[in-house]
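Right, one structure below, let's go through it.
Just follow the structure's listing: the first ligand is 1, and inside any ligand the first atom is 1. Start at 1 with the first residue, then count along the sequence.
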Amino acid sequence: MSPHGNSHTHDQSHGRSHGHTHGHSQGHTHGDESFDFDWGVLSTQLEQEAEIRGPVYRQAAEWINGLLPAPGARRVLDIGSGPGVVAALLADVFPAAEVVAVDSTPELLEHTTARAERLGLGGRVSTRLAELPDAIPTLGEADVIWAGNSLHHLGDQRAALEGFAGRLRPGGVLALLEGGLSARHLPRDLGADMGRPGLEARFEARLAEWFTAMRSEQPGAVRETEDWPALLAAAGLEPSGTRSFLLDVPAPAPPLVREQLVRTFSRLRDKNLAEGAADDQEILDRLLDPEDPRGLLRRPDVFLLEVRTVHTARKV
Ligand SMILES: C[S@@+](CC[C@H](N)C(=O)[O-])C[C@H]1O[C@@H](n2cnc3c(N)ncnc32)[C@H](O)[C@@H]1O
């Protein structure tokens, strides 16, 4: 599995640099790999990923809602909010709250505004263009701080958590969506030959290496053991529980899941993560062929099974 659990779908949303950066200075590379993500280009992928995982995020948000003292959240910060799928969902789950979507990518914040308006939430979802961690002290106070798939993009995660803890109102909750179990979509034995693990297991190992390199290349990177409850406690908060949520979409998966998988596997092929393994290229070519009955869009055995973990802590 990839260390932060969001499958290779998430990992692969971080492509090579497409020429401009958002917040990260130029030149974070590892071998031929660049970690200067062009998040704006990835908006459709991020949007699809979040939509597919909506039920899981909703369950997590409802759990967090139950951890809050009455009368619930008045201000929610969505840190590294991406295209705004989750910000809109948070506005729904916290009906009395103003939700502030915080991100360093202007295109994604534009998506967020459009989505909130489309859903009739425009009055309660606002956006804040901010480069973290520097901007943390300027974010204002909050009853809930949700950092979903975003903390690992900050070099010094411990310091960032301390910063977020300082923004919480008494009784407020900081929720980190980090880790879990990576997604699986295909039969285990697909590509398992010559004693090797199957295709997805091998990709996952490659992506775990990629993730470690990505972490170490973040500006100001500090190596931490990812013991999130301990790090939340070190930030002065009281851990209030860790829960893992299952995303279980049995075969045959609906078109959205397949489209997302095609995007992910296309990136794997383009980035040549299967480099040096010509047979993997062949398998990928076949999986990505829209006409092939054994391709991802048509084969009946595509599913989605994934676990996402949420760690929470309260300000006492
Ligand atoms: C993997 S996406 C997660 C999006 C969303 N939270 C979700 O779960 O669907 C990471 C997001 O963090 C944002 N981001 C990355 N580094 C950032 C930084 N230093 N400051 C602010 N936002 C950042 C990116 O623009 C991107 O939208």
Note to self: Check this for me: R128, atom CZ, are more than 12 non-hydrogen atoms of other residues, nucleotides or ligands nearer than 6.0 Å?
What the structure shows: yes
Check: For atom 4 (C) of ligand 1, which candidate among A135, P219, G80 holds the nearest heavy atom?
Finding: G80
Next item on the list: Give the contacting part of A130 toward ligand 1: side chain, backbone, both or neither, where contact means a heavy-atom distance below 4.0 Å.
Entry: backbone
Checklist line | Under-4.0 Å heavy-atom contact with ligand 1, by part of L132 that carries it | finding: both
Item checked: Pairs meeting criterion salt bridge (charged side-chain N to carboxylate O under 4.0 Å, His left out) with involvement of residues 235-258, two or more places apart -> E238-R314
Next item on the list: Would you mind checking if E200 and R188 are paired as a salt bridge, meaning a charged N to carboxylate O distance below 4.0 Å?
Entry: no
Next item on the list: Check whether the side chains of E178 and H311 place a donor and an acceptor atom closer than 3.5 Å, and report yes or no.
Entry: no
Next item on the list: Quickly, which of R267, R263, E259 forms a side-chain hydrogen bond (donor to acceptor under 3.5 Å, both in side chains) with Q45? Name it, please.
Entry: R267
Check: If we only count N/O pairs under 3.5 Å, is T105 in contact with ligand 1?
Finding: yes
Item checked: Test of proximity, H153 against ligand 1: N or O pairs below 3.5 Å -> no
Check: Which distance, rounded to the nearest 0.5 Å, do you find between the CZ of F265 and the CG of L186?
Finding: 5.0 Å
Check: How many angstroms lie between atom CG of L287 and atom CG of L190, to the nearest 0.5 angstrom?
Finding: 6.0 Å
Note to self: Taking 4.0 Å as the limit for heavy-atom contacts, which would you say applies to S81 with ligand 1: side chain only, backbone only, both, or neither?
What the structure shows: backbone
Checklist line | Part of A50 within contact of ligand 1 (heavy atoms, under 4.0 Å) | finding: side chain
Notebook entry, point to check: Between V85 and ligand 1, which residue portion shows a heavy-atom distance shorter than 4.0 Å: side chain, backbone, both, or neither?
Noted result: neither
Item checked: N or O contact, V102 vs ligand 1, cut-off under 3.5 Å -> no
Margin query: Using a 3.5 Å cut-off on N or O atoms only, is S150 in polar contact with ligand 1?
Written below: no
Check: Do L46 and ligand 1 have an N or O pair less than 3.5 Å apart?
Finding: no
Checklist line | Nearest-option assignment for atom 26 (C) of ligand 1, heavy atoms, candidates L177, L89, D103, L154 | finding: D103
Notebook entry, point to check: Is N149 close to ligand 1, meaning an N/O of one under 3.5 Å from an N/O of the other?
Noted result: yes
Next item on the list: Please round to the nearest 0.5 Å and tell me the distance separating atom CZ of R124 and atom CG of D92.
Entry: 7.5 Å
Check: How about T309 and S244: does a side-chain donor come under 3.5 Å of a side-chain acceptor?
Finding: yes
Check: Who's closest to atom 14 (N) of ligand 1 heavy-atom-wise, of S104, S43, P83?
Finding: S104
Check: With distance as the sole criterion, is a donor-acceptor pair present between the side chains of R269 and Q281 under 3.5 Å?
Finding: no
Next item on the list: Please could you name the atoms of ligand 1 that G82 approaches to less than 4.0 Å, counting only its heavy atoms?
Entry: 4 (C), 27 (O)
